[in-house]
Every structure is written in structure tokens, then in C-alpha cells.
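Take a look at the structure set out below.
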Amino acid sequence: MVKLDDQPQKRLPTMEELPYKDDKPVDSELQRLITNLLKYILDYIWADRDDWFYGTDMGWYYSPDENPIAPDGFLCLGVERFRGNPLRLSYVTWEENWVVPSLAIEVVSKTPGGEYKEKKRKYARNGVLYYVIYAPQRVRKPKLTLYRLNREGQYELQEKKPNVDARNRSRHRNRSRNLSPNYHGMAVLV
């Protein structure tokens, strides 16, 4: 990451001066659906807050000397939430008091685009605290992967899973009287 103290004073480009679209379509409707769903949830639960920004499919300029990266979704905390005009064309770190995203989300299409190596390294190097990869097409590996940045600047896989069995057992116990046999002779919930 470029810090102002590390370089002589040079003029950094503004959001309006940087390219903000590449005219590449997203790979699938699912990518847009998943990332926008989180945006709608945040808009609802944080409707009264003005200190966050969630971007989808837009460039994040983390350094004036590097090409932007375009996460499918990313969340920044502690920045002004714009409503109405002017909206952000891109997320430009140096125009946001050097606040980097806290969360980056990548939805893997049929043709992976560096989500597990190149993008993961860039997000870690630039201090993104949480990195989520959703790969709905994966068969033998987890479809959802969550990483958390450790103090050494490396991502650690978060493997703890919620214990839903205890909750489901009591729910199934209460519904057991509503069981009926299916055509295989096994009980199913009705």
C-alpha cells in the first residue's frame, strides 16, 4: 500500500480521472444476485448509518501505481455513505482517507479468475480483513470459503461451523408426530 509519508508529494488522480468501467459483463446472473443480496440486507439493517459503503462489481483503486481490482462485492466501514448524487464511480482508497475494505467477496464462475491465489494475495497485501469465496460450481471442495487476515498479514481459513444439529434435533422432535412414510418406506416431514 502506498503511504503519503513514503513518497515525495505527488498529485494523485481523482475518481473522475481514473477508468471506472471495463465493459466486461459479469459471468452469470448468480454473481450479481449474491452480491446485491448482501447490499440490500445492509441497506435495510444499517438504514440509519452513514459510515459504510458497499460496492459491487466496481474498481477498487488501492494504489495509484497499480491497476484496480474489481471484487464482486466489498464492504468499507468508516467512510461516508453517499445517497443520491454524486455516487462513487470507483472506490479510490486515497480519496477515502486510506480506508481499505473490511470484507471482499468473490463469486467464482465456471472459469475461475485467480480468486484462490492472485486476488487472495492482493487482498491480504492491502489489509482486507475478511475474504469470502463462493464457488457454487465446486463439487469436491467447499462451496463457501471464509478467510480472516492474521497479524502477520496472511489469511487463515475459518473452518468453525455453527452447531445446527442441536437446534435441528429439538425442531425435529417437536415435528415428529407429523411424519408420514414416503414411497421408499422412510419417514419424511410433511
Side-chain angles (χ1 to χ4, degrees), residues 1-27 31-32 34-36 38-43 46-109 111-134 145-158:
M1 177 159 61
V2 176
K3 293 188 169 120
L4 292 176
D5 297 339
D6 297 346
Q7 296 186 2
Q9 292 292 358
K10 74 175 190 179
R11 186 185 167 285
L12 299 173
T14 66
M15 176 176 54
E16 290 81 12
E17 295 169 332
L18 295 165
Y20 60 91
K21 63 181 183 173
D22 61 7
D23 295 323
K24 290 181 186 175
V26 292
D27 289 319
Q31 284 177 294
R32 195 166 298 240
I34 289 169
T35 55
N36 283 333
L38 180 55
K39 180 171 178 51
Y40 298 137
I41 291 169
L42 292 173
D43 280 338
W46 287 347
D48 295 334
R49 290 183 60 174
D50 288 324
D51 63 345
W52 64 276
F53 170 72
Y54 183 80
T56 58
D57 294 318
M58 68 187 298
W60 166 37
Y61 285 90
Y62 52 90
S63 166
D65 301 322
E66 301 272 343
N67 289 329
I69 189 168
D72 291 319
F74 64 98
L75 174 65
C76 301
L77 301 173
V79 297
E80 185 178 357
R81 182 175 173 205
F82 299 154
R83 299 172 199 241
N85 286 327
L87 295 176
R88 289 174 175 91
L89 301 173
S90 301
Y91 187 82
V92 182
T93 305
W94 53 91
E95 290 188 345
E96 306 286 351
N97 294 319
W98 297 97
V99 174
V100 300
S102 300
L103 167 73
I105 300 170
E106 293 289 351
V107 180
V108 181
S109 64
T111 55
E115 292 87 357
Y116 292 94
K117 291 185 180 169
E118 180 185 340
K119 289 182 179 180
K120 184 178 165 191
R121 276 193 294 268
K122 282 185 182 180
Y123 292 138
R125 186 177 68 227
N126 287 287
V128 176
L129 184 59
Y130 292 99
Y131 178 44
V132 176
I133 303 172
Y134 178 60
T145 310
L146 170 64
Y147 296 96
R148 186 177 197 288
L149 198 64
N150 65 21
R151 291 178 188 204
E152 290 79 39
Q154 301 293 317
Y155 279 124
E156 291 180 355
L157 181 63
Q158 303 298 293

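Remember, it's a predicted structure, so these values are computed and weren't measured experimentally.
Ion pair Asp43/Arg81 flagged as a salt bridge, since at least one NZ, NE, NH1 or NH2 atom sits closer than 4.0 Å to an Asp/Glu carboxylate oxygen.
Expressed to the nearest 0.5 Å, how far CD1 of Ile41 lies from CH2 of Trp46 amounts to 11.5 Å. Considering OH of Tyr62 and CZ of Arg125, their distance stands at 5.5 Å, rounded to 0.5 Å. Distance check, rounded to the nearest 0.5 Å: OH of Tyr131 to CD1 of Ile105 gives 10.5 Å. Put simply, NZ on Lys117 and NZ on Lys122 are 15.5 Å apart, with the number rounded to the nearest 0.5 Å. Remark: Leu12 CG to Trp94 CH2 distance equals 6.5 Å, nearest 0.5 Å. Atom CZ of Arg49 is separated from atom CG of Leu77 by 6.5 Å, given to the nearest 0.5 angstrom.
Evaluated for a side chain to side chain contact (heavy atoms under 4.5 Å, CB included) with Tyr147, the options Gln158, Glu156, Lys120 yield exactly one hit, Lys120. Residue Leu38 is tested with Leu42, Asn36, Ile34, Thr35 for a side chain to side chain contact (heavy atoms under 4.5 Å, CB included); the sole match is Leu42.
Between Thr145 and Val132, every side-chain heavy-atom pair lies at or beyond the 4.5 Å cut-off. Within the 4.5 Å cutoff, the side chain of Arg148 has heavy atoms near those of the Leu129 side chain. By the 4.5 Å heavy-atom criterion applied to side chains, Tyr155 and Asn150 are not counted as neighbours. Annotation: side chain of Leu103 is not in contact with side chain of Val128 (no heavy-atom distance under 4.5 Å). The shortest distance between side-chain heavy atoms of Trp52 and Cys76 does not fall below 4.5 Å. In this structure the side chain of Tyr123 reaches within 4.5 angstrom of the side chain of Ile69, judged on heavy atoms. You'll find the side chain of Phe53 stays beyond 4.5 Å of the side chain of Pro101, heavy atoms only. Looking at heavy atoms from C-beta onward, Pro68 lies out of side-chain contact with Ser90 at the 4.5 angstrom threshold.
Arg88 forms a cation-pi arrangement with Phe82, by the criterion of a distance under 6.0 Å to the ring centre and an angle within 45° of the ring axis.
In this view, Glu95 satisfies the salt bridge (charged side-chain N to carboxylate O under 4.0 Å, His left out) rule with no residue, not counting sequence neighbours.
Checked against a 6.0 Å centroid threshold, the rings of Tyr54 and Phe74 do not count as neighbours.
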Could you go through Lys119 and Asp72, starting from their C-alpha distance and side-chain angles, then the distance that decides it, and tell me whether this counts as salt bridge (charged side-chain N to carboxylate O under 4.0 Å, His left out)?
CA-CA 11 Å; Lys119 289 182 179 180; Asp72 291 319; 5.9 Å; no
Kindly indicate, with the supporting measurements, whether the criterion side chain to side chain contact (heavy atoms under 4.5 Å, CB included) is fulfilled by Tyr130 and Leu149.
CA-CA 6 Å; Tyr130 292 99; Leu149 198 64; over 6 Å; no
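For the 3.5 Å distance criterion, the side chains of Trp60 and Thr93 qualify, holding a donor opposite an acceptor.
The nearest pair of heavy atoms linking Glu106 to Ala70 is OE2-O, 4.1 Å.
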